[in-house]
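Here is the structure we will look at.
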Amino acid sequence: MSKKITIAIDGHSSTGKSTVAKQLAKELGYIYVDSGAMYRAVTLYAMRKLFVSDTNFDKESIIRHLPFINVKFIFDDELGYGEIYLNDENVEKEIRLLEVSQQVSKVAAIPQVRKKLVKLQQEMGKDKGVVMDGRDIGTVVFPDADLKLFMTASTERRAQRRYKELKERGDEITLDEVLTNVKERDHMDTTRDDSPLLKADDAIEIDNSLLDLEEQYEKVLKLAKDKIEADS
Ligand code: CDP
Ligand code: CDP
């Protein structure tokens, strides 16, 4: 039997991390964990209960509420992966709204928030056989991951992809709003003090500006299979 490995996929927003990670987990029979969804769920709580917005951000009150924020994934057989629940409510759709994307990087910069979520992520991946995507998976959550990938692509290409996705969902947004958000999050995520987004020394970088999803997936699947074979 082949050995189960841990696969960490980090990178910038809208580089296809979660799409590829889901496909890969399904193919390998691994668990998929969308760590970004966890930060988004905490942010949604902060927006609803503490009225966090562009003009209102009270870090201390978010920290005080952390014990009351329960975030978990519930596996869906049909989908083949878990959907995110915030205090027992499925928030999978709501957390993807641009309004949440506009607040999430501030919430994700709070060390106490990261500490709580990193602990849950490490727990979910403790038996290996996991594909996790995010910003700090290969650097902080699983520094010993067997395979680390770092995805990137041009800012414009990423914004166009995300815009198309949100439009198809029926969201009322403009390309300019999405581009601004992608740039702002890139900046905040790479410059924060705690666990900034950076490529781990041993991560394989994939620039997918010119790759479609299928080409990108083939590349990643080959890397994963080669690694599993080498380790078995
Ligand atoms: O899908 P997209 O790349 O737009 O974002 P995401 O993966 O859902 O992550 C949303 C935000 O959560 C990021 O912009 C980061 O601020 C934060 N995040 C993080 O700090 N660490 C992670 N491991 C994952 C996400
Ligand atoms: O998880 P992350 O934010 O990195 O990206 P995603 O949610 O998997 O992908 C964002 C959007 O870009 C989705 O609509 C993907 O289908 C699209 N995409 C693409 O068209 N071509 C790629 N090579 C990668 C992503």
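Atoms within a ligand are numbered from 1 in the order they appear, just like the ligands themselves.
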N/O separation below 3.5 Å, [X] to ligand 1:
| X | value |
| --- | --- |
| Y39 | no |
| S35 | yes |
| R192 | yes |
| D136 | yes |

* Among R158, R161, E168, R157, whose heavy atom sits nearest atom 20 (O) of ligand 2? ->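 Comparing heavy atoms across R158, R161, E168, R157, the nearest one to atom 20 (O) of ligand 2 lies in R161.
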* Going by heavy-atom distance to atom 5 (O) of ligand 1, choose the closest among M188, M38, R185. => R185
* Asked: atom 21 (N) of ligand 1: which protein heavy atom is closest, and how many Å away?
  -> R114 NH2, 3.0 Å
* **Identity and separation of the nearest protein heavy atom to atom 1 (O) of ligand 1** =>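 Here the nearest protein heavy atom works out to R162 NH2, 3.2 Å.
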* Does NZ or CZ of K199 come closer than 6.0 Å to the centre of the six-membered ring of F150, within 45° of the ring's axis? ->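 Relative to the ring axis of F150, which defines the angle, K199 lies outside at least one limit.
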Modelled atom types, side-chain donor and acceptor of [X] and [Y], under 3.5 Å:
| X | Y | result |
| --- | --- | --- |
| D133 | Y32 | yes |
| S209 | D207 | yes |
| E83 | N90 | yes |

* To do: Please confirm whether S13 comes within less than 3.5 Å of ligand 2 when only nitrogen or oxygen atoms on both sides are compared.
  =>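 By distance alone, the answer is no.
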Side chain, backbone, both or neither: the part of [X] lying under 4.0 Å from ligand 2 by heavy atom:
| X | value |
| --- | --- |
| E165 | side chain |
| V20 | neither |
| L211 | backbone |

* Asked: To the nearest 0.5 Å, how far apart are CG in D189 and CG in L198?
  -> 11.5 Å
* Using a heavy-atom cut-off of under 4.0 Å, does the side chain or the backbone of D189 touch ligand 1, or both, or neither? ->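 Near ligand 1, D189 shows its side chain, while the N, CA, C and O stay back.
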